[in-house]
Trainee: 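Just dropping this structure here.
Note that the structure is predicted; figures quoted are calculated from it, not measured. Below, chain A is the first sequence line, B the second, and so on; all start at residue 1.
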Protein chains: 2
Amino acid sequence: MEIHYNMCMRILIIEDDLKLRSMLKDALEAFHTIDTAGSLKEGIELVGSYAYNALLLDRNLSGADEGMKIIPTLKKLQSSCAVIITSAYGGVEERIAGLSAGADDYLEKPYDLRELKMRLDALIRRYARDTIMMGEMQIDIKNETLSVQGEIILLSKKEHDLFFFLASKPDKVFTRDDIANAIYEDPSSTTSNTIDVVIRNIRKKLPIDPIETVKGRGYALKNV
Amino acid sequence: MEIHYNMCMRILIIEDDLKLRSMLKDALEAFHTIDTAGSLKEGIELVGSYAYNALLLDRNLSGADEGMKIIPTLKKLQSSCAVIITSAYGGVEERIAGLSAGADDYLEKPYDLRELKMRLDALIRRYARDTIMMGEMQIDIKNETLSVQGEIILLSKKEHDLFFFLASKPDKVFTRDDIANAIYEDPSSTTSNTIDVVIRNIRKKLPIDPIETVKGRGYALKNV
DNA sequence: TGACTTTTTCATGATTTTTTCATCTAGGAC
DNA sequence: GTCCTAGATGAAAAAATCATGAAAAAGTCA
């Protein structure tokens with residue numbers, strides 16, 4: 001199985017310092033898709049609706065250690081999301097508290113941007129194992145979930161079977177016969193354009209179109 | 001249904017300072033299986049014959065940056081091994097060099113033993129979460145309690161088993177077979193729509209509906 | 001035992017998916 | 001330009017699947 005790992009990640013930055021926030025966004029946007037939130041509340045909302053690969057979290061949001069509270073939520077919602085805490089207080093005790101709250105890393109402010117990027121990459125590498133990233137699509141093999149642009153997509157049975165069949169070999173063009181053999185008990189029973197319609201229904205559920213039509217041959221899942 | 005997280009890792013420590021080496025071994029041995037090597041050569045031999053979960057690597061083995069050389073070898077041999085580099089030189093440039101060589105973390109000497117342990121734990125924590133916060137729901141896996149909007153919800157045994165099974169992987173769609181296998185001694189004994197009814201009874205007890213029906217496939221716990 | 005709760009079964013109506021089919025559209029060949 | 005073809009699309013029919021209420025069966029506990 002050929003799998004294409006496109007290392008563009010979706011990252012959430014929760015940081016109340018506006019200047020720092022936009023600086024980080026600018027710096028990382030060249031490599032990844034960045035969302036930002038200025039408060040924990042805003043951050044939690046985003047975590048509920050998008051799938052992130054990493055979270056960069058300011059520990060000292062609005063005084064107390066509010067920031068830490070989001071970590072367990074995030075980790076269970078999104079098992080493949082790495083968490084980096086940033087904080088001005090870099091003592092050993094604080095680092096330990098951060099890590100035991102569930103974070104994967106702890107960076108002291110001020111930090112070097114290149115180091116931040118390296119640490120992000122290191123974490124992402126570690127988490128990327130059971131996930132196929134294809135452009136804006138994230139296919140979690142283990143949990144059999146698909147998310148596109150961070151949104152979790154629920155497919156019906158036929159849609160699911162067809163989509164994951166195409167995903168088994170990204171970029172390969174499958175004929176309608178290939179597909180019918182894969183997703184039907186009795187492939188000969190279907191005489192109409194059923195497969196075209198299933199394809200269409202999948203497309204209707206996605207915000208982008210990752211399925212390429214190859215005229216005269218069939219369909220392929222492509223990198224979007 | 002009880003879930004136990006007993007995560008004992010096999011860790012290799014490569015460190016030429018004998019005193020530090022045995023100190024580390026003593027400190028970590030309570031939690032993990034520890035192998036030690038005093039030289040790079042010795043370390044490479046061990047890497048060739050055992051599967052490690054983590055490598056603690058002294059950067060400054062025998063003068064030059066010999067330590068780094070082992071990382072690509074290791075990563076090739078054991079793709080799921082995390083690497084933590086330790087070094088007396090803690091400047092940003094060195095940290096970046098270490099991380100870009102493939103390490104997952106970088107610790108400056110001298111480091112606090114508790115912090116080292118925390119960082120090691122962070123590497124495996126993704127397998128051992130105990131509290132799930134999902135929107136208005138709080139699911140405590142360890143104590144097996146569920147509360148919604150602050151209120152503790154009491155579920156009957158079957159309801160409880162089914163709910164916590166779904167909660168073990170939020171967003172994953174479980175088939176009725178998956179569920180039956182998880183919550184029944186003899187899954188084949190049930191011929192009717194028992195599971196549907198249990199689902200319905202759970203829904204009746206909750207003020208919100210966190211269970212998504214995916215027609216033709218099964219059920220999934222979703223974020224509410 | 002008897003009152004009570006939980007679990008399972010079943011029949012029915014509601015809903016969604018799946019399939020079919022007729023019609024549209026875009027692009028290539030002529 | 002027209003003709004032709006493969007695919008896209010919308011809508012309706014057919015099939016599959018699920019939710020629900022109610023009742024029987026099994027289990028719990030004083």
Side-chain angles (χ1 to χ4, degrees), chain A residues 144 146 152-166 172-222 224, chain B residues 1 144-146 152-166 172-222 224:
Chain A
E144 295 192 314
L146 161 69
I152 287 156
I153 308 284
L154 290 174
L155 299 173
S156 78
K157 182 161 162 43
K158 278 278 170 289
E159 292 160 7
H160 174 271
D161 290 352
L162 173 29
F163 183 88
F164 279 86
F165 176 62
L166 293 185
K172 173 172 166 61
V173 179
F174 290 100
T175 66
R176 285 175 181 71
D177 275 357
D178 293 337
I179 296 171
N181 282 320
I183 71 174
Y184 288 100
E185 296 274 329
D186 176 11
S188 62
S189 69
T190 168
T191 56
S192 67
N193 66 339
T194 313
I195 287 167
D196 301 40
V197 179
V198 176
I199 293 271
R200 167 166 165 68
N201 290 334
I202 295 174
R203 283 172 168 158
K204 273 206 279 197
K205 285 194 181 176
L206 305 182
I208 53 175
D209 184 5
I211 299 173
E212 182 155 37
T213 304
V214 184
K215 272 217 172 191
R217 300 218 283 132
Y219 297 97
L221 199 67
K222 71 181 180 213
V224 186
Chain B
M1 182 178 13
E144 304 208 311
T145 58
L146 162 69
I152 289 173
I153 307 286
L154 292 175
L155 299 174
S156 76
K157 181 161 165 26
K158 277 279 168 290
E159 291 161 7
H160 172 275
D161 288 353
L162 199 161
F163 184 89
F164 279 84
F165 177 62
L166 293 185
K172 174 170 166 64
V173 178
F174 290 101
T175 65
R176 285 177 180 71
D177 275 358
D178 292 336
I179 296 171
N181 283 320
I183 71 175
Y184 288 101
E185 294 278 327
D186 177 11
S188 62
S189 70
T190 168
T191 56
S192 66
N193 65 339
T194 314
I195 287 167
D196 300 40
V197 179
V198 176
I199 292 272
R200 168 166 164 66
N201 291 334
I202 295 174
R203 282 173 169 157
K204 274 205 279 196
K205 286 192 180 175
L206 304 181
I208 52 178
D209 183 5
I211 300 174
E212 178 124 9
T213 303
V214 184
K215 278 224 175 190
R217 299 218 284 133
Y219 296 97
L221 200 67
K222 69 172 185 224
V224 187

Trainee: Would you please confirm or rule out a distance under 4.0 Å between OP1 or OP2 of dT20(C) and any side-chain N or O of S192(A)?
Mentor: yes
Trainee: Send over the distance from I195(A) CD1 to dT17(C) C1', rounded to a whole Å.
Mentor: 16 Å
Trainee: Is R200(A) close enough to dG10(D) that one of its side-chain N or O atoms is under 4.0 Å from OP1 or OP2 there?
Mentor: yes
Trainee: Confirm from the modelled atom types if K215(B) and dT15(C) form a donor-acceptor pair under 3.5 Å, side chain to base only.
Mentor: yes
Trainee: Verify whether the ring centers belonging to F165(B) and F174(B) lie closer than 6.0 Å.
Mentor: yes
Trainee: Of the nucleotides dG7(D), dT20(C), dT9(C), which has the atom closest to the N193(B) side chain?
Mentor: dT9(C)
Trainee: When you match V197(B) and N201(A) each to their closest nucleotide on DNA chain C, which lands nearer the 5' end?
Mentor: V197(B)
Trainee: Does dA19(D) have its OP1 or OP2 closer than 4.0 Å to a side-chain nitrogen or oxygen of T213(B)?
Mentor: yes
Trainee: What is the distance, to the nearest angstrom, from the CD atom on E212(A) to the P atom on dA8(D)?
Mentor: 11 Å
Trainee: Where each residue is assigned the nucleotide of DNA chain D containing its nearest heavy atom, which of R203(B) and I199(A) is assigned the position nearer the 5′ end?
Mentor: I199(A)
Trainee: Where the side chain of K205(A) is defined as all heavy atoms beyond and including C-beta, which of dA19(D), dT9(C), dT17(C) is the nearest nucleotide?
Mentor: dT17(C)
Trainee: Between dA8(D), dT17(D), dC10(C), which nucleotide gets closest to the side-chain atoms of T191(B)?
Mentor: dC10(C)
Trainee: Using only side-chain N and O atoms of S156(B), determine if any of them is under 4.0 Å from OP1 or OP2 of dT6(C).
Mentor: no
Trainee: R176(B) side chain N/O closer than 4.0 Å to the phosphate oxygens (OP1, OP2) of dT17(D)?
Mentor: no
Trainee: May I ask you to verify if any side-chain N or O of Y219(B) is less than 4.0 angstrom from the OP1 or OP2 atom of dC18(D)?
Mentor: no
Trainee: So, R217(A) side chain and R176(A) main chain: donor-acceptor pair closer than 3.5 Å or not?
Mentor: no
Trainee: I'd like to know if K157(B) pairs up with D161(B) as an ion pair, taking the criterion as any Lys NZ or Arg NE/NH1/NH2 lying under 4.0 Å from an Asp or Glu carboxylate oxygen.
Mentor: yes
Trainee: Atom CD of E159(A) and atom P of dT17(C): how far apart are they, to the nearest Å?
Mentor: 7 Å
Trainee: Taking CZ from R217(B) and C1' from dT15(C), how many angstroms apart are they, rounded to a whole number?
Mentor: 18 Å
Trainee: Any chance you could lay out the side chain to side chain contact (heavy atoms under 4.5 Å, CB included) test for Y219(B) and D196(B), step after step, and finish with the verdict?
Mentor: CA-CA 9 Å; Y219(B) 296 97; D196(B) 300 40; 3.6 Å; yes
Trainee: Would you kindly give the NZ-to-C1' distance between K158(A) and dT17(D), to the nearest whole Å?
Mentor: 13 Å
Trainee: Measure CD1/I211(A) against P/dA8(D) and give the value in whole Å, please.
Mentor: 10 Å
Trainee: Please report the distance, rounded to the nearest Å, between CG in D196(B) and C1' in dT15(C).
Mentor: 14 Å
Trainee: Looking only at atom types and distance, does a side-chain atom of K205(B) sit under 3.5 Å from a main-chain N or O of L154(B), one as donor and one as acceptor?
Mentor: yes
Trainee: Could you check whether D177(B) and T175(B), counting side-chain N and O atoms only, form a donor-acceptor pair closer than 3.5 Å?
Mentor: no
Trainee: Between dT17(C) atom C1' and L162(A) atom CG, what is the distance in whole Å?
Mentor: 14 Å
Trainee: Please figure out whether K157(A) or V214(A) has its closest DNA chain D nucleotide nearer the 5' end.
Mentor: V214(A)
